[in-house]
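Written out below as structure tokens is the structure these notes cover.
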Protein chains: 2
Amino acid sequence: MATIKEVAMTAGVSVATVSRVLNQNGYVHEDTRRKVEDAIRQLNYTPNEVARSLYKRKSKLIGLLLPDITNPYFPQLARGVEDQMQENDYRLIFGNSDESRQKEMDYIQTFIQNNVVGVISSTNDPDADIYAGLNIPVVFLDRTSNDRPSVYADGREGGRIAAREMVRRGSKQITVLQGPAHVRPAIDRFEGAVEILQELNIPYEVLLTTSFSLTEAEDWAKELFYKYPDTDGIIASNDMVASAVLQEAHRLGKRVPEDVQIIGFDDIPLSKLLAPSLSTIHQPAYEMGREAADLLIQLIEGHHVERNSIQYSVKFIERQTTRKVDHDG
Amino acid sequence: MATIKEVAMTAGVSVATVSRVLNQNGYVHEDTRRKVEDAIRQLNYTPNEVARSLYKRKSKLIGLLLPDITNPYFPQLARGVEDQMQENDYRLIFGNSDESRQKEMDYIQTFIQNNVVGVISSTNDPDADIYAGLNIPVVFLDRTSNDRPSVYADGREGGRIAAREMVRRGSKQITVLQGPAHVRPAIDRFEGAVEILQELNIPYEVLLTTSFSLTEAEDWAKELFYKYPDTDGIIASNDMVASAVLQEAHRLGKRVPEDVQIIGFDDIPLSKLLAPSLSTIHQPAYEMGREAADLLIQLIEGHHVERNSIQYSVKFIERQTTRKVDHDG
DNA sequence: TTGTAAGCGTTATCAA
DNA sequence: TTGATAACGCTTACAA
């Protein structure tokens, strides 16, 4: 790797001049500019970002912290973030937190040590000290906290919608899968669903699950039908779990949606490939990722932002795990 | 962020001494060590990795370049890489290349500018100049090149296995989905399948597809059955495409596996959730990611490595999109 | 056992 | 319009 010094040497100027043409500031004569540019090309020089970062105390690096890239919902988010960042010349340092406080703190720590200029985080505790103490902008993605910058979907409303659609389609004994109690969006969905169920006075059962992992999901699906064999409507905490439930229903010879309806959450890409395809609550994950990245960039660059908390609305995607209903139904 | 200077001040020693306790080298008196450690704790000091990186001309950063994290095969790989790196105190700068030469080069470029100490890349052209010119170790993941460090699965053998299993289970008019012609693993799989089909003298058709994207996969599925309505066995280039094919078969009222058998590739987590669940060729993605990371670390740290090219064998996962066959079949 | 100072590759200030 | 040079925060000779 050539350095600015070598460029200066071969161009026959000082490093200051090279720096000036690099950053297009200060005066530099047309002829010298050309000489410098030639040298740069000749040596195939590109500036050392580390040195820049050290001097300016800021880099072109962003920290991205997601719970688990292996959960099919997150790649969409991640990709949205990456595309937007890439287009704006920011790079991502990426980590999985597994919803663990410790890992989260470790990552935030190293983000800072690497001079990142901003952080995008899906944390369950946006009000934790680590974030409060940060003197760089943070955008919470898929999570939120009072008036801190965040991009998220209306999980509670999603839960409500799921419950309403299920009831409207005739389920009388609904089971709600609660999802991990420490994962904020899971709580919201759950509460939304229960809110409506109580309001409508529909009997329901709750099955507590503790993660979004696929292998465990299969166990819960079994447990679900074992404990509540007569349930005729299941609101899952996400599409992964819903898929596992769907499969278990198949195994038990239950017809979906005739015997039991299922509604998932997230609308991950593969949910429409299931047979029957999965009715679910859609969140615009890719867009949300992009929006979070955009918001963060605005914050970093000190632009004025009108709204720093962006809630996306969710919508019901009617597919085949729910029954048809009259349009005026 | 406190600096080493401030630590030195509050501990009443020089920065050199602080550095010594930080890096546990050189002599330092027990008492001074304690004083320094107290100061560190008190100021909540952590070293600035950027400054370290500048001085040592190497960081604790690794570049990870994947085609598209949104393709369900890659999160497994990524997670394997991340876990292994994390445990060894390396962090990841992550990018999607979309199999595009330009994006790939841009990322490699910025990796270097950020002093990464190693790169893991899923590229279609490991012999490109960018890689040859790198003076840091590179491990190719899911791709390979003659005696350059790489971790990959035996795609060709996978193709062979798929073809054999399909023929063995009675398909007589097989269609092979070729997959993107510039994506190495897709080519291997395709060639392997065709090799066996020719050897066994089984008639087959080829449908050329140009990406692994899900939306396009749906179009190809339609095209497939339109062009070759009588096909009774489909070897897909990956599980995404296989899923789309499966769904289209459903739509057309074809019974799977009775009328048409389908074999996918990769064994992504959701393939077992499909109904019928998808028979496929399994690759140990997570492990491969970990192995690639481990290999890279060995290379970075200058340890001797016995084998720098690690080929994983693949295996047929018999599920429900293929027919049963006698065990001595 | 400890401190001084040079150097890593930049940018920005100041003087020329 | 240009060039010296200090500074960014750290590590490591080298001297004390």
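These numbers were taken from a predicted model, which means no experiment stands behind them. Each chain gets a letter, A, B and so on, in the order the sequences are listed, and its residues count up from 1.
Look at CE on B/Met1: it is 13 Å from C1' on D/dC8, rounded to the nearest Å. What separates CG of A/Asn115 from C1' of C/dT11 is a distance of 15 Å, to the nearest Å. Atom CG of A/Asn114 is separated from atom P of D/dG9 by 15 Å (rounded to the nearest Å). Nucleotide C/dG3 holds its P atom 13 Å from the NE2 atom of B/His29, rounded to whole Å. Counting to the nearest Å, the C1' atom of D/dC10 and the CZ atom of B/Arg20 are 13 Å from each other. Whole-Å rounding puts the B/Leu22 CG to D/dC10 P distance at 8 Å. With rounding to whole Å, A/Lys56 atom NZ is found 15 Å from D/dG9 atom P. Rounded to an integer number of Å, the gap from A/Glu30 CD to D/dT2 P is 10 Å.
Minimum atom distance to the side chain of A/Val28 is reached by D/dT2, of the listed C/dT11, D/dT2, D/dT11. Picking from D/dG9, C/dA12, C/dT1 the nucleotide with the shortest atom distance to the side chain of A/Leu54 gives D/dG9.
Under 4.0 angstrom from either OP1 or OP2 of C/dT11 there lies at least one side-chain N or O belonging to A/Asn23. The shortest distance between the side-chain N/O atoms of B/Tyr45 and the OP1/OP2 oxygens of D/dC10 is below 4.0 Å. For the pair B/Asn25 and D/dT12, the criterion of a side-chain N or O lying under 4.0 Å from OP1 or OP2 is met. In terms of phosphate contacts, A/Ser19 brings a side-chain nitrogen or oxygen within less than 4.0 Å of OP1 or OP2 of C/dT11. Contact check, B/Arg52 against D/dT11: a side-chain N or O comes under 4.0 Å of OP1 or OP2.
The aromatic rings of B/Tyr131 and B/Phe140 sit perpendicular to each other, their planes meeting at more than 60°, with 30° as the lower class boundary.
Comment: A/Asp188 engages A/Arg184 in a salt bridge, judged by a side-chain N to carboxylate O separation of less than 4.0 angstrom. By the 4.0 Å N-to-carboxylate-O rule, B/Glu37 lies too far from B/Arg41 to be salt-bridged with it. For the pair A/Arg91 and A/Glu82, the salt-bridge criterion is not met [side-chain N within less than 4.0 Å of a carboxylate O].
Not a single donor-acceptor pair, N or O on each side, falls under 3.5 Å between the base of C/dG7 and the side chain of B/Arg57. No hydrogens or angles were tested; on distance alone, nothing pairs the side chain of B/Tyr27 with the base of C/dT1 as donor and acceptor under 3.5 Å.
Taking all atoms of both residues into account, the shortest heavy-atom contact from A/Thr144 to A/Ser309 is OG1-OG, 4.1 Å. Among all heavy-atom pairs drawn from B/Val50 and A/Leu54, the shortest one is CG1-N, 3.7 Å. Closest heavy-atom contact between A/Ile69 and A/Pro75: O-CG, 3.4 Å.
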Pair B/Asp106-B/Lys103, salt bridge (Lys or Arg N to Asp or Glu O under 4.0 Å): steps then yes or no: CA-CA 5 Å; B/Asp106 288 353; B/Lys103 272 194 157 188; over 6 Å; no

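With B/Asp125 as reference, B/Arg101 is the one residue of B/Arg143, B/His182, B/Arg101 to meet the side chain to side chain donor-acceptor pair (under 3.5 Å) rule. The only option from B/Ile300, B/Val151, B/Asp294, B/Ile297 that meets the side-chain contact (heavy atoms from CB on, under 4.5 Å) definition with B/Val139 turns out to be B/Val151.
Looking at heavy-atom distances under 4.0 Å, A/Thr32 makes contact with sugar-phosphate atoms alone, never a base.
The stretch residues 3-17 of chain B comes close to DNA chain D through B/Thr3, B/Ile4, B/Ala16, each having a heavy atom under 4.0 Å from the strand. Less than 4.0 Å separates DNA chain C from no heavy atom of any residue of residues 37-44 of chain A.
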